[in-house]
> 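Provided herewith is a single structure, encoded as structure tokens, for subsequent inquiry.
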Amino acid sequence: MTEKVPAPEVVEAQFAIGDVVRHRIFDFRGVVFDIDPVFANSEEWYESIPEPVRPAKNQPFYHLFAENAESSYIAYVSQQNLLSDVEHGPITHPGINAVFEGWTGSRYELKRSMRQ
């Protein structure tokens, strides 16, 4: 069961859906496809992160279509561990086409059918 994390009074996401980012510590890049205002994963997942690099829970967490040199996968990353990475171009993750129209040169455009 996931512990409820109280949201701070103001939550400011640094990244938006469609932004290309890279991890600050680990060697992977990704495209943001969803954002949680605070940590919303399992306690088991959280505890599996080594304590010296374990992020605070009361910040935005991003769902990413992620890739590294070996594979494509889904990642869940805290805001403190992400940096903008638009300068390295598009991502080739196979899930991108289900959610995004395509690469605009600076970000991915959400499909019209996915907009609310």
> If two hydrophobic side chains count as joined below 4.5 Å and joins carry through other members, does Phe65 share a cluster with Leu83?
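In one cluster: no.
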> Evaluate the side-chain proximity of Val77 to His23: yes if any heavy-atom separation is below 4.5 Å, no if none is.
yes
> Under 6.0 Å from the six-membered ring centre of Phe100 and within 45° of its axis: does the NZ or CZ of Lys111 meet both?
no
> In Å, rounded to the nearest 0.5 Å, how long is the span from CG of Asn41 to OG of Ser78?
12.0 Å
> For residues Arg24 and Leu82, report the shortest heavy-atom separation together with the two atoms involved.
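Smallest interatomic distance, heavy atoms only, reads NH2-O, 3.7 Å.
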> Supply the atom-to-atom distance Arg54 CZ to Ile49 CD1, rounded to the nearest 0.5 angstrom.
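Rounded to the nearest 0.5 Å, the CZ-CD1 separation comes out at 7.0 Å.
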> Any sub-3.5 Å donor-acceptor pair from His93's side-chain atoms to Tyr73's backbone N or O?
yes
> Donor-acceptor pair, Gln59 side chain versus Val38 backbone, under 3.5 Å?
no
> Side chains of Tyr62 and Gln79 only: does a donor on one sit below 3.5 Å from an acceptor on the other?
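Checked: Tyr62/Gln79 side chains pair up, N/O donor to acceptor below 3.5 Å.
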> Who are the salt bridge (charged side-chain N to carboxylate O under 4.0 Å, His left out) partners of Glu101, not counting sequence neighbours?
none
> Hey, does Ile35 have a side-chain heavy atom less than 4.5 Å from the side chain of Val32?
yes
> Between Phe15 and Ser84, what is the shortest heavy-atom contact and its length?
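Heavy-atom minimum between the residues: CE2-N, 3.7 Å.
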> Is the CD atom of Glu44 crowded by more than 12 outside heavy atoms at less than 6.0 Å?
no
> May I ask you to decide if Pro55's main-chain N or O and Tyr46's side chain share a donor-acceptor pair within less than 3.5 Å?
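Here the side-chain-to-backbone pair exists.
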> Would Leu64 and Val31 count as a side chain to side chain contact (heavy atoms under 4.5 Å, CB included) here? Give the steps.
CA-CA 5 Å; Leu64 308 176; Val31 179; over 6 Å; no
> Is there a side-chain contact between Tyr76 and Phe39, using heavy atoms and a 4.5 Å cut-off?
yes
> Please lay out, stage by stage, how Glu43 and Lys57 fare under the test side chain to side chain contact (heavy atoms under 4.5 Å, CB included).
CA-CA 11 Å; Glu43 196 60 29; Lys57 291 181 176 180; 2.7 Å; yes
> Of all heavy-atom pairs between Ser42 and Trp45, which one has the smallest distance, and what is that distance?
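The answer is OG-N, 3.0 Å.
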> Examine the side chains of Tyr108 and Asp19 and answer whether a donor and an acceptor come within less than 3.5 Å of each other.
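Note: Tyr108 and Asp19 side chains miss the donor-acceptor criterion.
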> Which heavy atom of Ala13 sits nearest to which heavy atom of Pro60, and what is that distance?
CA-CG, 4.0 Å
> Tell me the salt bridge (charged side-chain N to carboxylate O under 4.0 Å, His left out) pairs involving residues 79-88, sequence neighbours left out?
Arg22-Asp85, Arg29-Asp85
